[in-house]
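Everything on this sheet refers to the single structure shown next.
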There are 2 protein chains.
Amino acid sequence: MSDKSHPTIQEIYNKVHMIDSTIGQATVYRNVNKLVSSGKAKKLSTNSEVDHYDGDISNHYHFICTSCNKIVDIFNFDVDIPIKDIQKSHNISIDNFDMVLYGKCSECNKSY
Amino acid sequence: MSDKSHPTIQEIYNKVHMIDSTIGQATVYRNVNKLVSSGKAKKLSTNSEVDHYDGDISNHYHFICTSCNKIVDIFNFDVDIPIKDIQKSHNISIDNFDMVLYGKCSECNKSY
DNA sequence: TAATAGTTGATAATGATTATCATTAAGAGG
DNA sequence: CCTCTTAATGATAATCATTATCAACTATTA
């Protein structure tokens, strides 16, 4: 839950397996899914084939660098205003969202 | 490209196969991927296991009803302002984004 | 202690996507 | 029309992430 690296299941498994080598992949899948379905963690669906997971369930965006594939949290913006507007204008209720921004991070922009 | 239903590959295949039954799945996969990688269509990665595709590459959000799984386009908001702010404050360049909102549509909110 | 319910690890099964490959189609000169 | 080269196709096999299965183990309860 404290991991800020947005790991994949495989990365979580590797980490867990280091600590306790008796734990299998299935257990990691089961427990991560349990966290997600109980709302204690979030699944990040991206354009990459593997899902990433985030233990931070607070409202924030994600930025993915299309060069180095790094995932960065984006916190400093007011997300409530557009959400409320959309709810009102479309007569829907929004419980949750995933915003994924794609582009180049500052490091990858430097290199040419 | 004119299909506004955000179809899956399977749905595209079904439609295409009706028109010309000699066309196989592989061809649909290949050509849809070609459209996506050349920027003429977009892949929508959602929390569901199958990807959906959108021939409309203009900037807009998507709303997915968690009851009936309907996907709705959300156009009426100004997406440029937060994007520009984020680019400036994080020193990144954003080429593209996916915003997926999850909740209940007006029809599913009515039923109880 | 005994009974029941829940969790686990190993492995098989599933299902969406991708790779392979022989065949067919398309294009470019001549 | 021909030949040559290159690209696209359909069928099928392979891949890979995820899920289901199931016997063994653990926890809980009475």
Side-chain angles (χ1 to χ4, degrees), chain A residues 1-57 62 64-71 96 98 100 102, chain B residues 1-57 62 64-71 96 98 100 102:
Chain A
M1 300 299 291
S2 64
D3 188 330
K4 301 293 178 198
S5 72
H6 311 90
T8 62
I9 289 275
Q10 211 48 238
E11 289 165 348
I12 296 170
Y13 169 71
N14 291 341
K15 216 165 175 179
V16 167
H17 196 77
M18 291 282 213
I19 298 164
D20 182 346
S21 63
T22 69
I23 291 174
Q25 293 204 66
T27 302
V28 177
Y29 270 101
R30 271 186 296 245
N31 286 294
V32 170
N33 283 343
K34 215 177 277 182
L35 287 172
V36 171
S37 60
S38 66
K40 298 196 185 76
K42 277 188 75 175
K43 176 156 88 163
L44 307 182
S45 305
T46 74
N47 276 350
S48 109
E49 289 318 307
V50 269
D51 290 324
H52 291 255
Y53 292 86
D54 194 346
D56 181 355
I57 56 167
H62 290 103
I64 301 181
C65 177
T66 51
S67 285
C68 66
N69 296 310
K70 167 201 309 176
I71 302 181
N96 198 2
D98 281 338
V100 183
Y102 295 93
Chain B
M1 300 299 291
S2 65
D3 188 330
K4 302 293 179 198
S5 71
H6 311 92
T8 63
I9 288 275
Q10 212 47 240
E11 290 165 348
I12 296 170
Y13 169 71
N14 291 340
K15 216 166 174 178
V16 168
H17 196 79
M18 291 283 213
I19 298 163
D20 182 347
S21 64
T22 69
I23 292 174
Q25 292 205 68
T27 302
V28 177
Y29 271 102
R30 272 185 295 244
N31 286 294
V32 171
N33 283 342
K34 214 178 276 181
L35 287 172
V36 171
S37 60
S38 66
K40 298 196 186 76
K42 278 189 72 174
K43 176 157 87 164
L44 307 182
S45 305
T46 74
N47 276 350
S48 109
E49 291 318 307
V50 269
D51 290 324
H52 292 254
Y53 292 86
D54 194 347
D56 180 355
I57 58 168
H62 290 104
I64 300 181
C65 178
T66 50
S67 286
C68 66
N69 296 312
K70 166 201 310 176
I71 301 180
N96 198 1
D98 281 338
V100 184
Y102 294 94

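Each chain gets a letter, A, B and so on, in the order the sequences are listed, and its residues count up from 1. Quick caveat: nothing in here was measured; it's all calculated off a predicted structure.
- Whole-Å rounding puts the A:Tyr13 OH to C:dA10 C1' distance at 11 Å.
- Using a 4.0 Å heavy-atom criterion, one finds that A:Asn31 contacts the sugar-phosphate atoms exclusively.
- More than 12 heavy atoms of other residues, nucleotides or ligands shown are found within 6.0 angstrom of NZ on A:Lys70.
- The B:Asp51 side chain lies nearest to C:dT17 when the options are C:dT7, D:dA8, C:dT17.
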_Pair B:Lys43, B:Asp98 - check salt bridge (charged side-chain N to carboxylate O under 4.0 Å, His left out), show working._
CA-CA 9 Å; B:Lys43 176 157 87 164; B:Asp98 281 338; over 6 Å; no

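- In this structure, of C:dA10, D:dA8, D:dA11, it is C:dA10 that holds the atom nearest to the side chain of A:Ala26.
- Within 6.0 Å of CE in B:Met1 there are more than 12 heavy atoms belonging to other residues, nucleotides or ligands.
- One atom, CD1 of A:Ile23, and another, C1' of D:dA24, lie 17 Å apart when rounded to the nearest Å.
- Protein atom CG of B:Asp20 is 12 Å distant from nucleotide atom P of C:dA25, rounded to whole Å.
- Distance from the side chain of A:Tyr29 is smallest for D:dA17 among the nucleotides D:dA17, C:dT11, C:dA16.
- For the residue pair B:Asn96 / B:Lys42, a side-chain donor-acceptor distance below 3.5 Å is found, with atom types taken as modelled.
- Taking atom CD of residue A:Gln25 and atom P of nucleotide D:dT18, one finds them 10 Å apart after rounding to whole Å.
- A sub-4.0 Å separation between OP1 or OP2 of D:dT18 and a side-chain N or O of A:Asn33 is absent.
- With D:dA11, C:dA10, C:dT17 as the candidates, the nucleotide lying closest to the side chain of B:Arg30 is D:dA11.
- Atom NZ of A:Lys43 and atom P of D:dA17 are 14 Å apart (whole Å).
- With rounding to whole Å, B:Glu11 atom CD is found 12 Å from C:dA16 atom P.
- For the pair B:Glu49 CD and C:dT14 P, the computed distance is 17 Å after rounding to whole Å.
- A donor and an acceptor atom, one from each side chain of B:His62 and B:Asp54, are located under 3.5 Å apart.
- One can place CD1 of B:Ile9 at 14 Å from P of D:dG10, the figure rounded to the nearest angstrom.
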